[in-house]
J.: 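My questions all concern the structure below.
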Amino acid sequence: MPSKIKPTVVKEFSFFEDVFDVVRQIPKGRVSTYGAIANYLGTKLSARMVGWAMNASHNAQMKVPAQRVVNRNGMLTGKAHFATPTLMEELLKKDGVEVKNDTVVDFKNIFWDPLIELQTSLPIP
DNA sequence: CGTGTGACCGGCG
DNA sequence: ACGCCGGCCACAC
């Protein structure tokens with residue numbers, strides 16, 4: 001869980017790490033969106049931050065399946081930031097996700113929402 | 001410590 | 001339907 005603590009030594013877990021954590025939990029064959037992740041982290045109005053965090057995913061020590069994060073339309077907007085322009089699509093296809101015209105096919109169906117899938121506590125049933 | 005920027009999103013004309 | 005514009009927040013310079 002994200003903590004607002006401000007350690008004096010080093011920032012053990014930053015916003016980036018939180019984002020990476022969520023992205024790593026995206027199951028194979030599913031995709032999520034920047035907005036959904038941002039929403040899960042509490043900053044739903046700042047989906048840009050998530051995307052920006054992904055920009056630093058290259059720097060992350062642990063691999064981050066950034067290919068599973070697309071925009072709300074299911075478009076591979078971040079493919080340009082991969083090593084090659086086709087890498088993102090290739091990785092998704094390896095995951096079993098069909099991509100056509102830079103857009104995830106059946107996106108609505110395989111959409112993975114952390115708010116739902118990682119629901120830690122339900123409001124009152 | 002001010003400013004710019006970003007792999008976005010939703011609303012409005 | 002489509003394009004534009006403002007907002008949001010963390011981080012680098």
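Each chain gets a letter, A, B and so on, in the order the sequences are listed, and its residues count up from 1. All values below were derived from every heavy atom in this structure, side-chain atoms included, with hydrogens, water molecules and symmetry-related copies excluded.
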J.: Can you list the residues that meet the salt bridge (Lys or Arg N to Asp or Glu O under 4.0 Å) rule with Glu98(A), with sequence neighbours excluded?
T.: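 Glu98(A) satisfies salt bridge (Lys or Arg N to Asp or Glu O under 4.0 Å) with no residue once adjacent residues are dropped.
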J.: Output all residues satisfying side chain to side chain donor-acceptor pair (under 3.5 Å) with Arg24(A), sequence neighbours left out; order by chain, then residue number.
T.: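 Counting only residues at least two positions away or on another chain, Arg24(A) forms a side chain to side chain donor-acceptor pair (under 3.5 Å) with Asp21(A).
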J.: Suppose we screen for side-chain contact (heavy atoms from CB on, under 4.5 Å). Which residues come up paired with Ser57(A), at least two apart in sequence or across chains?
T.: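 Result, side-chain contact (heavy atoms from CB on, under 4.5 Å) vs Ser57(A): Phe20(A), Met54(A), Val64(A), Ala66(A).
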J.: State, with a plain yes or no, whether a side-chain heavy atom of Val69(A) is found less than 4.5 Å away from one of Ile37(A).
T.: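 Yes, at least one pair of side-chain atoms sits under 4.5 Å.
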J.: For Asp102(A), which residues count as a side chain to side chain donor-acceptor pair (under 3.5 Å) partner, sequence neighbours excluded?
T.: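 By the side chain to side chain donor-acceptor pair (under 3.5 Å) rule, Asp102(A) matches Lys79(A).
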J.: Within residues 64-99 of chain A, which residues have any heavy atom lying less than 4.0 Å from an atom of DNA chain C?
T.: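 Contacting residues: none.
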J.: How would you list, by chain and number, every residue that makes a side-chain contact (heavy atoms from CB on, under 4.5 Å) with Lys108(A), sequence neighbours excluded?
T.: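 Listed in chain order: nothing, the list is empty.
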J.: Could you give all pairs that pass the ring pair (Phe, Tyr, Trp, His ring centres under 6.0 Å) test and reach residues 100-119 of chain A, with sequence neighbours left out?
T.: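 Non-adjacent pairs meeting ring pair (Phe, Tyr, Trp, His ring centres under 6.0 Å): Phe107(A)-Phe111(A).
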J.: Sub-3.5 Å donor-acceptor pair from the side chain of Asn101(A) to the main-chain atoms of Thr103(A), do we have one?
T.: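 It does not hold such a pair.
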J.: Mind listing the N/O atom pairs, protein and nucleotides 5-9 of chain C, below 3.5 Å?
T.:
unit_1 : atom_1 : unit_2   : atom_2 : d
dC8(C) : O2     : Leu45(A) : O      : 3.4
dC9(C) : O4'    : Ser46(A) : OG     : 3.2

J.: Identify, residue by residue, the members of residues 51-61 of chain A with a heavy atom below 4.0 Å from DNA chain B, and return them in order of residue number, or none.
T.: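 Gly51(A), Met54(A), Asn55(A), Ser57(A), His58(A) - these, ordered by number, are the residues of the stretch whose heavy atoms sit under 4.0 Å from the strand.
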J.: Taking heavy atoms of chain A and a 4.0 Å limit, find me the 5'-most and 3'-most nucleotide of DNA chain B within that range.
T.: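 So the contact region on DNA chain B extends dG6(B) to dG10(B).
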J.: Measure the shortest side-chain to side-chain distance between Val31(A) and Ile26(A) over non-hydrogen atoms and say whether it is less than 4.5 angstrom.
T.: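 With C-beta onward as the side chain, the pair stays apart.
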J.: Under a 4.0 Å threshold between the charged nitrogen and the carboxylate oxygen, would Glu89(A) count as salt-bridged to Lys93(A)?
T.: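 Between Glu89(A) and Lys93(A) there is a salt bridge, with a charged N closer than 4.0 Å to a carboxylate O.
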J.: Once side-chain contact (heavy atoms from CB on, under 4.5 Å) is applied, do any residues pair with Asn39(A), and if so which ones, sequence neighbours excluded?
T.: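 Result, side-chain contact (heavy atoms from CB on, under 4.5 Å) vs Asn39(A): Lys44(A), Leu115(A).
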J.: What ring pair (Phe, Tyr, Trp, His ring centres under 6.0 Å) pairs are there with at least one residue in residues 43-75 of chain A, not counting sequence neighbours?
T.: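 Ring pair (Phe, Tyr, Trp, His ring centres under 6.0 Å) check on residues 43-75 of chain A returns Phe16(A)-Trp52(A).
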